[in-house]
Engineer: 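Okay, here's the structure, questions in a sec.
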Amino acid sequence: VQLQASGGGLMQPGESLKLSCAASGRTFSGYDMGWFRQAPGKEREFVGGISWSGGRLYYADFVKGRFTISRDNAKNTIYLQMNSLKPADTAVYYCAAGARASSVRRTYDYWGQGTQVTVSS
(Lines give C-alpha, C1' and ligand atoms only; values in the text may rest on other atoms or scores of the structure.)
Protein backbone atom coordinates (compact mmCIF):
# COMPACT_ATOMS: atom_id res chain seq x y z
CA VAL A 1 0.00 0.00 0.00
CA GLN A 2 1.30 3.44 -0.94
CA LEU A 3 -0.02 6.34 1.11
CA GLN A 4 -0.01 10.00 0.17
CA ALA A 5 -0.96 12.55 2.80
CA SER A 6 -1.98 16.03 1.73
CA GLY A 7 -3.82 19.13 2.83
CA GLY A 8 -1.37 20.65 5.27
CA GLY A 9 -0.73 24.34 5.47
CA LEU A 10 -0.22 27.46 7.55
CA MET A 11 -3.21 28.15 9.76
CA GLN A 12 -4.17 30.60 12.46
CA PRO A 13 -5.29 29.48 15.93
CA GLY A 14 -8.93 28.54 15.98
CA GLU A 15 -9.13 27.71 12.30
CA SER A 16 -10.04 24.36 10.75
CA LEU A 17 -8.17 22.15 8.33
CA LYS A 18 -8.89 18.82 6.70
CA LEU A 19 -6.10 16.45 5.82
CA SER A 20 -6.44 13.64 3.34
CA CYS A 21 -4.54 10.42 2.91
CA ALA A 22 -4.95 8.65 -0.41
CA ALA A 23 -4.00 5.02 -0.74
CA SER A 24 -3.02 2.98 -3.74
CA GLY A 25 -1.81 -0.54 -4.29
CA ARG A 26 -3.26 -3.35 -2.23
CA THR A 27 -6.85 -3.44 -1.05
CA PHE A 28 -7.26 -0.33 1.03
CA SER A 29 -10.53 -1.36 2.62
CA GLY A 30 -8.85 -4.27 4.38
CA TYR A 31 -6.65 -2.04 6.51
CA ASP A 32 -7.20 -0.14 9.68
CA MET A 33 -5.71 3.32 9.43
CA GLY A 34 -4.07 5.74 11.78
CA TRP A 35 -2.94 9.33 11.96
CA PHE A 36 0.23 10.30 13.78
CA ARG A 37 2.07 13.56 14.12
CA GLN A 38 5.59 14.62 14.90
CA ALA A 39 6.58 18.04 16.14
CA PRO A 40 10.18 19.26 15.88
CA GLY A 41 12.34 17.60 18.49
CA LYS A 42 9.57 15.31 19.68
CA GLU A 43 8.59 11.71 19.24
CA ARG A 44 5.98 10.77 16.69
CA GLU A 45 2.68 10.49 18.54
CA PHE A 46 -0.65 8.89 17.89
CA VAL A 47 -3.48 11.21 16.90
CA GLY A 48 -6.24 8.75 16.11
CA GLY A 49 -7.24 5.66 14.23
CA ILE A 50 -10.13 4.14 12.34
CA SER A 51 -11.05 0.54 11.66
CA TRP A 52 -11.32 -0.81 8.13
CA SER A 53 -15.10 -0.46 8.19
CA GLY A 54 -15.08 2.94 9.83
CA GLY A 55 -17.09 1.52 12.68
CA ARG A 56 -14.45 1.96 15.36
CA LEU A 57 -12.67 5.20 16.05
CA TYR A 58 -9.86 5.97 18.45
CA TYR A 59 -8.47 9.32 19.47
CA ALA A 60 -5.67 10.62 21.59
CA ASP A 61 -6.94 12.53 24.58
CA PHE A 62 -5.46 15.79 23.37
CA VAL A 63 -7.59 15.85 20.21
CA LYS A 64 -10.90 14.50 21.47
CA GLY A 65 -13.70 16.84 20.55
CA ARG A 66 -11.56 18.76 18.07
CA PHE A 67 -10.41 16.21 15.50
CA THR A 68 -12.49 13.72 13.55
CA ILE A 69 -11.27 10.82 11.46
CA SER A 70 -13.30 9.38 8.62
CA ARG A 71 -12.72 7.21 5.59
CA ASP A 72 -14.19 6.65 2.18
CA ASN A 73 -13.24 3.18 1.00
CA ALA A 74 -14.69 3.83 -2.43
CA LYS A 75 -12.14 6.63 -2.83
CA ASN A 76 -9.34 4.82 -1.00
CA THR A 77 -8.99 7.84 1.23
CA ILE A 78 -9.08 8.70 4.89
CA TYR A 79 -9.49 12.15 6.34
CA LEU A 80 -8.52 14.05 9.45
CA GLN A 81 -10.79 17.00 10.14
CA MET A 82 -9.07 19.32 12.57
CA ASN A 83 -11.04 22.08 14.26
CA SER A 84 -10.06 24.72 16.80
CA LEU A 85 -6.43 24.40 15.86
CA LYS A 86 -3.82 25.39 18.40
CA PRO A 87 -0.14 26.25 18.02
CA ALA A 88 0.57 22.96 19.85
CA ASP A 89 -0.94 21.14 16.86
CA THR A 90 1.99 22.25 14.72
CA ALA A 91 3.62 19.10 13.38
CA VAL A 92 4.13 16.90 10.39
CA TYR A 93 1.09 14.66 10.13
CA TYR A 94 1.45 11.10 8.91
CA CYS A 95 -1.07 8.50 7.92
CA ALA A 96 -0.41 4.81 8.33
CA ALA A 97 -2.04 1.50 7.45
CA GLY A 98 -2.02 -1.72 9.41
CA ALA A 99 -3.97 -4.78 10.40
CA ARG A 100 -5.38 -3.13 13.51
CA ALA A 101 -5.69 0.52 14.49
CA SER A 102 -3.50 1.19 17.48
CA SER A 103 -1.60 3.93 19.20
CA VAL A 104 1.57 1.85 18.79
CA ARG A 105 3.62 2.76 15.75
CA ARG A 106 5.04 -0.70 15.14
CA THR A 107 1.58 -2.12 14.50
CA TYR A 108 1.43 -0.21 11.23
CA ASP A 109 2.99 -1.66 8.12
CA TYR A 110 2.76 1.27 5.72
CA TRP A 111 3.38 4.97 6.19
CA GLY A 112 2.77 8.05 4.11
CA GLN A 113 5.36 10.78 3.67
CA GLY A 114 3.69 13.33 5.94
CA THR A 115 2.18 16.76 5.45
CA GLN A 116 3.17 19.85 7.42
CA VAL A 117 0.62 21.67 9.54
CA THR A 118 1.70 24.93 11.10
CA VAL A 119 -0.56 26.86 13.44
CA SER A 120 0.65 30.34 14.20
CA SER A 121 -0.74 33.81 14.63
Side-chain angles (χ1 to χ4, degrees):
V1 176
Q2 291 79 46
L3 303 174
Q4 179 79 33
S6 62
L10 175 61
M11 310 300 293
Q12 293 192 343
E15 290 187 326
S16 297
L17 186 66
K18 189 172 186 177
L19 304 182
S20 300
C21 174
S24 60
R26 302 183 70 177
T27 305
F28 169 75
S29 61
Y31 289 93
D32 284 12
M33 301 292 294
W35 284 100
F36 287 74
R37 70 184 187 184
Q38 187 166 18
K42 294 188 176 181
E43 293 286 320
R44 190 172 300 189
E45 63 180 354
F46 176 72
V47 174
I50 185 168
S51 63
W52 66 271
S53 67
R56 285 177 285 118
L57 294 164
Y58 313 89
Y59 295 102
D61 287 343
F62 59 79
V63 302
K64 284 182 180 177
R66 297 193 300 126
F67 292 7
T68 303
I69 297 174
S70 60
R71 69 188 293 163
D72 185 339
N73 287 341
K75 295 182 178 180
N76 288 351
T77 303
I78 67 166
Y79 305 96
L80 178 64
Q81 176 68 48
M82 304 186 292
N83 299 328
S84 302
L85 283 165
K86 305 174 181 179
D89 295 319
T90 296
V92 177
Y93 284 72
Y94 298 88
C95 56
R100 184 173 179 273
S102 165
S103 62
V104 179
R105 285 180 289 170
R106 65 176 180 270
T107 65
Y108 294 88
D109 300 310
Y110 306 98
W111 290 82
Q113 86 293 352
T115 185
Q116 176 71 48
V117 174
T118 302
V119 184
S120 175
S121 56

Engineer: Linking Ile, Leu, Val, Met, Phe, Trp and Tyr through side-chain heavy atoms less than 4.5 Å apart, which residues share a cluster with Y108?
Structural biologist: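 Y108 shares its hydrophobic cluster with F36, F46, Y58, V92, Y94, W111.
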Engineer: Quick one: do W35 and C21 satisfy side-chain contact (heavy atoms from CB on, under 4.5 Å)? Show the steps, please.
Structural biologist: CA-CA 9 Å; W35 284 100; C21 174; 3.8 Å; yes
Engineer: CG/L85 to CE/M11 distance, rounded to the nearest 0.5 angstrom?
Structural biologist: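 Atom-to-atom, L85:CG and M11:CE are 6.0 Å apart.
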Engineer: So, for R37 and A88, which heavy atoms are closest and what is the spacing to 0.1 Å?
Structural biologist: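 Closest pair (atom of R37, atom of A88, distance): NH2-O, 3.8 Å.
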Engineer: Rounded to the nearest 0.5 Å, how far does CG of L80 lie from CZ of R71?
Structural biologist: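 Those atoms lie 14.0 Å apart.
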Engineer: List the steps and the verdict of side-chain contact (heavy atoms from CB on, under 4.5 Å) for M82 and D89.
Structural biologist: CA-CA 9 Å; M82 304 186 292; D89 295 319; 5.8 Å; no
Engineer: Is there a chain of hydrophobic side chains (I, L, V, M, F, W, Y, each step under 4.5 Å between heavy atoms) that links V47 to Y79?
Structural biologist: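 V47 and Y79: separate clusters.
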Engineer: Please report the closest heavy-atom contact between C95 and A5, naming both atoms and the distance.
Structural biologist: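 Result for this residue pair: SG-CB, 4.1 Å.
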Engineer: Which value, rounded to the nearest 0.5 Å, describes the distance between Q81 atom CD and I69 atom CD1?
Structural biologist: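 Reported value, rounded in 0.5 Å steps: 11.5 Å.
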Engineer: Any chance you could measure T77, atom OG1, to L19, atom CG, to the nearest 0.5 Å?
Structural biologist: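 Between atom OG1 of T77 and atom CG of L19 there are 12.5 Å.
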Engineer: Could you measure the distance from the OG1 atom of T68 to the NZ atom of K18? Nearest 0.5 Å is fine.
Structural biologist: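 It is 9.5 Å, given to the nearest 0.5 Å.
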Engineer: Do you see a donor-acceptor pair shorter than 3.5 Å between the side chains of S6 and Q4?
Structural biologist: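 No, no side-chain donor-acceptor contact under 3.5 Å.
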Engineer: Would you confirm whether N73, through its side chain, and W52, through its main-chain N or O, come within 3.5 Å as a donor-acceptor pair?
Structural biologist: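 Checked: pair present.
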Engineer: Regarding D32 and S51, is there a side-chain donor-to-acceptor distance under 3.5 Å anywhere?
Structural biologist: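 No, because no side-chain N or O of D32 sits under 3.5 Å from a partner of the opposite role on S51.
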Engineer: Output yes when K64 and D61 qualify as a salt bridge under the 4.0 Å nitrogen-oxygen rule, no when they do not.
Structural biologist: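 Counted as a salt bridge, because a side-chain N and a carboxylate O are separated by less than 4.0 Å.
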Engineer: Given 3.5 Å as the limit, does a donor-acceptor pair link the side chain of T90 with the main chain of V119, or not?
Structural biologist: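 Between the backbone of V119 and the side chain of T90 there is a qualifying donor-acceptor contact (under 3.5 Å).
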Engineer: How close do S16 and N83 get, counting heavy atoms only, and between which atoms?
Structural biologist: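 Taking S16 first and N83 second, the nearest heavy atoms are OG-OD1, 2.9 Å.
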Engineer: Which pair of heavy atoms, one from A23 and one from L3, lies closest together, and at what distance?
Structural biologist: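 Closest approach of A23 to L3, heavy atoms only: CB-CD2, 3.6 Å.
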Engineer: Please give me the minimum heavy-atom distance between S84 and R66, naming the atom from each residue.
Structural biologist: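 So the minimum-distance heavy-atom pair works out to O-NH1, 3.0 Å.
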Engineer: Indicate the atoms forming the closest heavy-atom contact of L10 with S120, along with that distance.
Structural biologist: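 Distance-wise, the nearest heavy atoms are CD1-CB, 4.5 Å.
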